[in-house]
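Here's the structure, in C-alpha cells; my notes come after.
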Amino acid sequence: MKRLIGFAAAAALIAFGIYRAVFTLNLKLNLAILAIGGILLFIMTFFTGPDWEDRAWYSKILRVLGIILTCAVLSALIGTALFMINPLGNDEGKPIADFDRRVNIWGSVIPGNGLVNKVDYMEVDSEPPVPIARLRFEKAITGSEYKDILSITDTYTYTHGIQGEYDSWLFNDEPFVIPYIAEDSEKAVIIIPGGGYAIRSNEGKDDEGADIAKTLNEHGISAFVFWYRANPYPAPIAEMDLQRAVRWVRAHASDYGYNPDQITLLGYGAGGNLACDYVNTTWGSYILPEGYTPDNIDNTSEAVAGAAMIYPFMNYRNNVPLLFTHYDSERVRSVTEREKLLDETDIIKRFNSVNVRQFVSYGTKDKLISPQSAMDYIDYAKSQNCDITVHTTDSDHYYGQDEYLEAYLAWLNGSKAESNEQSGGGE
C-alpha cells in the first residue's frame with residue numbers, strides 16, 4: 001500500500017508540475033524542478049523503512065510531512081540551480097535559413113521604427129525556456145472566450161524572438177525577403193510564415209520558409225520568403241510590410257526574370273490571415289503614416305495575381321485572445337473597443353476580393369486555430385462567386401506540404417486540383 005501511495009503522490013505532483021510549468025503565469029521554477037520533486041517524493045516514500053508499521057499514527061504523519069518538506073527544499077535548491085543554468089536555453093536558436101541572402105525591402109526610412117527599447121512596452125512576466133513559452137502561448141490563444149494573455153504573448157516574443165536574436169531589442173527591425181529564384185520562371189510566390197503574430201514560424205525551422213521555397217523552385221517557380229515585423233509592433237505594421245514586400249517584388253521582376261503580373265501570396269496561419277487581409281483590405285489602401293515620404297518602390301503597383309492560405313484564420317471571434325498579439329492591448333482590454341475590433345477584423349465584413357483567385361487549405365481537426373473562420377470565409381466567398389479552391393485535410397494545425405502541395409500547385413498553375421472540396425466562380 002505504501003508503495004502505491006508513494007507512486008500516486010509522485011505521479012500527482014509531476015502532473016501538477018507539468019500543468020503549472022506549461023500553463024500558469026508567474027512561474028518561478030521550471031518543469032524540471034517539480035519533476036525532480038516528484039521523483040524524490042516517490043523514492044523517499046517508497047523506502048519508508050522497516051519500522052513503518054510499528055510507528056504511532058502521529059509519527060507516520062510527521063515522517064510523511066518531513067519527506068514532503070525535504071523534497072520541497074531539495075527541489076527548490078536543485079530547481080534554482082537549473083533555472084539559473086537554464087539547460088533548455090534561451091540562447092540563439094537555429095538561424096533563419098539562408099539569412100545571409102536576405103534583401104531589405106525598405107529604404108533608409110522604415111515607417112513605424114524608432115530607437116526605443118521594446119521591453120519597456122512589453123509585459124514580460126518571466127524567462128521560461130522557449131519550448132515552455134511556446135506551449136503556454138499555444139494553449140492561451142485557443143477558444144472564443146476572452147482571456148488577457150498579453151504577458152504570455154510578450155513573454156513568448158521576448159524569449160523566442162528577442163533573446164533568440166531573431167528580433168532587435170529596439171523598435172528598429174528591418175523587414176526583408178530572401179529570394180529563391182528558379183531559372184526561366186514565369187511565376188513568383190511571396191511566402192508569409194505564420195507564428196500567431198508573436199513570432200515568425202520560419203525562425204528555427206524551415207517548413208514555412210526555405211523548404212516550401214525550394215519545393216517551388218523544383219517546379220520552376222521563384223519564391224521570396226518574407227520576414228515582417230510582429231509583436232510588439234501593432235497593426236498595421238505587418239500589413240504595411242507586406243504591402244511594401246509586394247511592391248518590392250514587383251519592382252524587381254525584371255532583375256530576377258519573372259512576370260510581375262504572376263506574383264501570388266502563400267501564407268500560413270497568421271501569415272494566411274495577413275494574405276487574406278491583404279487582398280480584401282490592404283490592397284488599395286494607403287496605410288503609410290503621415291510624414292513618410294514615398295519612394296519609387298512605394299509608387300509601384302501592389303497588385304497580386306492570387307492568394308493561397310494554409311490553416312489560416314479569417315477572424316478573431318473564434319480565437320479572441322489572439323487579438324493581443326496584433327492590436328493595442330488597451331483596446332483589447334476594453335469591452336466596447338474589443339467588440340469593435342472583432343467587427344473590424346472580420347474579413348467577411350470587409351470582403352473585397354471577388355476578382356482575386358484564392359486557395360484555402362485547412363485541417364478539420366485543427367485544435368489551435370478554429371477552422372470555423374476559414375469555413376465561414378469560404379462559404380461567403382462562394383456566395384459572391386469568387387474563384388476559390390478549397391482543400392481540406394483530416395489534420396491538426398501545422399501539417400506539412402505533402403498534405404496540400406499537389407492541390408496547391410494545380411491551383412497555382414491555373415487548374416482545379418482534386419481536393420476534398422472545390423468551388424469555382426469567375427472574375
Side-chain angles (χ1 to χ4, degrees), residues 187-192 194 197 224 226 228 235-236 238-247 249-250 259-287 300-318 326 341-362 369-392 404 407-417 419 421-427:
K187 298 179 175 65
V189 175
I190 299 174
I191 300 168
I192 313 170
Y197 290 115
F224 294 84
F226 170 49
Y228 53 96
E239 291 83 351
M240 196 160 54
D241 286 345
L242 179 55
Q243 188 180 60
R244 176 73 179 196
V246 171
R247 288 168 169 162
V249 172
R250 285 186 67 94
N259 186 340
D261 295 322
Q262 290 295 314
I263 297 169
T264 58
L265 306 177
L266 172 59
Y268 297 84
N273 174 263
L274 196 56
C276 190
D277 186 70
Y278 183 86
V279 296
N280 283 286
T281 304
T282 307
W283 181 0
S285 299
Y286 188 86
I287 57 177
T300 303
S301 170
E302 57 189 308
V304 294
M309 291 78 78
I310 313 297
Y311 42 81
F313 61 94
M314 275 69 168
N315 65 55
Y316 288 82
R317 289 193 179 276
N318 299 106
H326 198 46
L341 268 177
L342 289 172
D343 282 336
E344 292 170 9
T345 55
D346 188 340
I347 297 178
I348 287 177
K349 296 184 178 181
R350 301 172 292 147
F351 187 85
N352 191 35
S353 59
V354 68
N355 294 322
V356 182
R357 294 183 66 243
Q358 298 175 54
F359 176 92
V360 180
S361 174
Y362 66 90
I369 297 296
S370 171
Q372 189 60 50
S373 68
M375 294 163 63
D376 292 342
Y377 178 83
I378 290 163
D379 288 343
Y380 188 82
K382 287 180 180 180
S383 73
Q384 302 301 303
N385 291 321
C386 178
D387 184 348
I388 187 167
T389 297
V390 182
H391 171 265
T392 61
Y404 64 85
Y408 167 67
L409 287 175
W411 170 84
L412 188 61
N413 290 317
S415 64
K416 288 291 181 181
S419 54
E421 181 183 2
Q422 298 179 36
S423 171
E427 297 189 4

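Residue indices begin at 1 and follow the sequence shown.
Here the side chain of Arg357 pairs no donor or acceptor atom with the backbone of Thr264 at under 3.5 angstrom. In this structure, the side chain of Gln358 does not engage the main chain of Val279 through any donor-acceptor pair within 3.5 Å. Between the side chain of Asn280 and the backbone N or O of Cys276 there is at least one donor-acceptor pair closer than 3.5 Å.
The minimum heavy-atom distance between Phe313 and Ala270, with the atom names listed, is CE2-CA, 3.6 Å. Across all their heavy atoms, Gln372 and Asn318 have their closest contact at CB-ND2, 3.9 Å. Taking both residues in full, the closest heavy atoms of Ile348 and Asp376 are given as CD1-O, 3.4 Å, listed atom of the first, atom of the second, then distance. Shortest non-hydrogen contact noted between Arg250 and Ser301 is CD-O, 3.0 Å. Pairing each heavy atom of Pro312 with each of Ile369, the nearest pair is O-CG2, 3.7 Å. Scanning both residues, Ala305 and Gln262, for their nearest heavy atoms gives CB-CA, 4.2 Å.
Taking the side chain as every heavy atom from C-beta outward, Tyr278 and Glu239 never approach each other to under 4.5 Å. Counting heavy atoms from C-beta on, the side chains of Trp283 and Val304 come closer than 4.5 Å. Contact annotation: the side chain of Tyr404 approaches that of Ile310 to within less than 4.5 Å [non-hydrogen atoms, C-beta and beyond]. With a 4.5 Å cut-off on side-chain heavy atoms, Ile192 and Tyr228 count as touching.
The aromatic rings of Tyr197 and His326 sit parallel to each other, their planes meeting at less than 30°, with 60° as the upper class boundary.
Here the CG-CG distance, from Asp241 to Leu274, works out to 8.5 Å after rounding to the nearest 0.5 Å. Within the model, atoms OH of Tyr380 and CD1 of Ile388 stand 13.0 Å from one another, a figure rounded to the nearest 0.5 Å. One finds the CZ atom of Phe359 at 9.0 Å from the CG atom of Leu409 (value rounded to the nearest 0.5 Å). In this structure, OG1 in Thr345 is found 9.0 Å from CG in Asp277, a value given to the nearest 0.5 Å. Once rounded to the nearest 0.5 Å, the distance linking OH of Tyr362 with OH of Tyr377 reads 14.0 Å. Here Leu242 contributes atom CG and Leu265 contributes atom CG; the two are 5.5 Å apart, rounded to the nearest 0.5 Å.
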Would you sort out whether Arg350 and Thr281 count as a side chain to side chain donor-acceptor pair (under 3.5 Å), showing the intermediate values? CA-CA 7 Å; Arg350 301 172 292 147; Thr281 304; 2.9 Å; yes
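No side-chain donor-acceptor contact under 3.5 Å links Asn315 and Ser373.
At a threshold of 4.0 Å, the pair Arg317-Asp343 counts as salt-bridged, since one of the basic side-chain nitrogens sits closer than that to a carboxylate oxygen.
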